[in-house]
S.K.: 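This is the structure I want to talk about, given as structure tokens.
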Amino acid sequence: LIVAGDGPLRDTVRARLSSAAGDKVAFAGLLSREQMKEVHAAADLFVWPSVGEAYGMALLEALGAGVPVVTGRAGGVPDLVTDGENGRLVPGGDAAVFAQAIDAMLETPGVLRDAGRKAAARVRAEHLLPHAAALLSDRLYPLLGDRHAA
């Protein structure tokens, strides 16, 4: 398990994960964009509890790198993850169900690889700048009427 990132609960997270996983967990701390690309390239699964997450750029970056996810069903996360397609969505606050979803994904390498391919394809199709620009254009220009330049 590689834990990337930093924040005010760093010591709490480190203590809890260390007691549960011992020497099977590495704490990478705050990483650069290039370092995160390396972590994504090495990852089989991205785990994101999504407690109160509005959207989740870290989640989007992992999906874009072709890493399937297990994440909580909260905020805008279901806009990125379709349960059983590019990862698993689980109810927030249920650690046992969350752990079962992680185990199930890791125990089925074929499903894991397929979800990773679908994750990257979906980000390319729906979440890059050209798609966002077209969506904004389709939605906003009609509101402007004759006041916009085509």
Side-chain angles (χ1 to χ4, degrees), residues 1-14 16-17 26-106 108-150:
L1 174 64
I2 299 171
V3 179
D6 198 3
L9 295 177
R10 168 189 45 244
D11 294 338
T12 302
V13 170
R14 182 181 296 268
R16 288 185 182 174
L17 288 177
F27 297 92
L30 190 59
L31 300 177
S32 70
R33 185 176 303 263
E34 288 304 313
Q35 290 170 317
M36 279 308 303
K37 286 181 182 179
E38 293 174 18
V39 170
H40 289 144
D44 296 313
L45 185 65
F46 186 83
V47 178
W48 187 257
S50 188
V51 178
E53 185 67 41
Y55 191 73
M57 290 306 294
L59 181 62
L60 182 61
E61 290 169 356
L63 291 165
V67 183
V69 302
V70 173
T71 183
R73 183 185 307 272
V77 171
D79 291 338
L80 300 172
V81 180
T82 300
D83 189 44
E85 181 181 311
N86 57 352
R88 293 292 314 276
L89 281 173
V90 297
D94 192 332
V97 171
F98 199 84
Q100 289 169 354
I102 293 169
D103 287 343
M105 289 290 288
L106 292 174
T108 52
V111 170
L112 202 61
R113 281 189 303 276
D114 187 49
R117 282 191 297 273
K118 289 177 180 176
R122 182 167 176 182
V123 169
R124 281 191 307 272
E126 299 178 15
H127 297 285
L128 296 182
L129 189 55
H131 176 76
L135 186 63
L136 284 172
S137 177
D138 290 348
R139 298 293 195 305
L140 294 179
Y141 281 160
L143 299 174
L144 295 174
D146 293 334
R147 293 178 291 172
H148 80 281

S.K.: Just how far is it from atom CE of Met57 to atom NE2 of His127, taken to the nearest 0.5 Å?
M.R.: 10.5 Å
S.K.: Nearest 0.5 Å, what's the CG-CZ distance between Asp11 and Arg16?
M.R.: 12.0 Å
S.K.: Taking side-chain hydrogen bond (donor to acceptor under 3.5 Å, both in side chains) as the definition, give me every residue that meets it alongside Asp103, ordered by chain and number, with sequence neighbours left out.
M.R.: none
S.K.: Could you grab the distance from atom CZ of Arg122 to atom CG of Leu60, nearest 0.5 Å is fine?
M.R.: 10.5 Å
S.K.: Closest approach of Ala120 and Gly66, non-hydrogen atoms and distance?
M.R.: CB-CA, 3.8 Å
S.K.: What closest approach, in Å, do Asn86 and Leu63 show between heavy atoms, and which atom pair accounts for it?
M.R.: O-CD2, 3.9 Å
S.K.: Counting C-beta onward and ignoring hydrogens, is there a side-chain heavy-atom pair between Trp48 and Val69 closer than 4.5 Å?
M.R.: no
S.K.: Between Asp83 (side chain) and Pro78 (backbone), is there a donor-acceptor pair under 3.5 Å?
M.R.: no
S.K.: Which heavy atom of Leu89 sits nearest a heavy atom of Gly72, and at what distance?
M.R.: CD2-O, 4.0 Å
S.K.: Between the side chain of Asp6 and the main-chain N/O of Gly29, is any donor-acceptor distance below 3.5 Å?
M.R.: no
S.K.: Could you tell me whether the side chain of Phe98 reaches within less than 4.5 Å of the side chain of Ile102, counting heavy atoms only?
M.R.: yes
S.K.: Calculate, to the nearest 0.5 Å, the distance between atoms CG and CZ belonging to Leu30 and Arg10 respectively.
M.R.: 10.0 Å
S.K.: Any chance you could measure Leu112, atom CG, to Arg117, atom CZ, to the nearest 0.5 Å?
M.R.: 10.0 Å
S.K.: Which atoms form the tightest heavy-atom contact between Ala104 and Thr108, and what is the distance?
M.R.: O-OG1, 2.9 Å
S.K.: Using a 3.5 Å distance criterion without hydrogens, assess whether the side chain of Asp114 forms a donor-acceptor pair with backbone atoms of Gly110.
M.R.: no
S.K.: Kindly give the heavy-atom pair with the smallest separation between Val70 and Ala101, and that separation in Å.
M.R.: CG1-CB, 3.8 Å
S.K.: Do you know the tightest heavy-atom contact between Ala115 and Gly87?
M.R.: CB-N, 4.1 Å
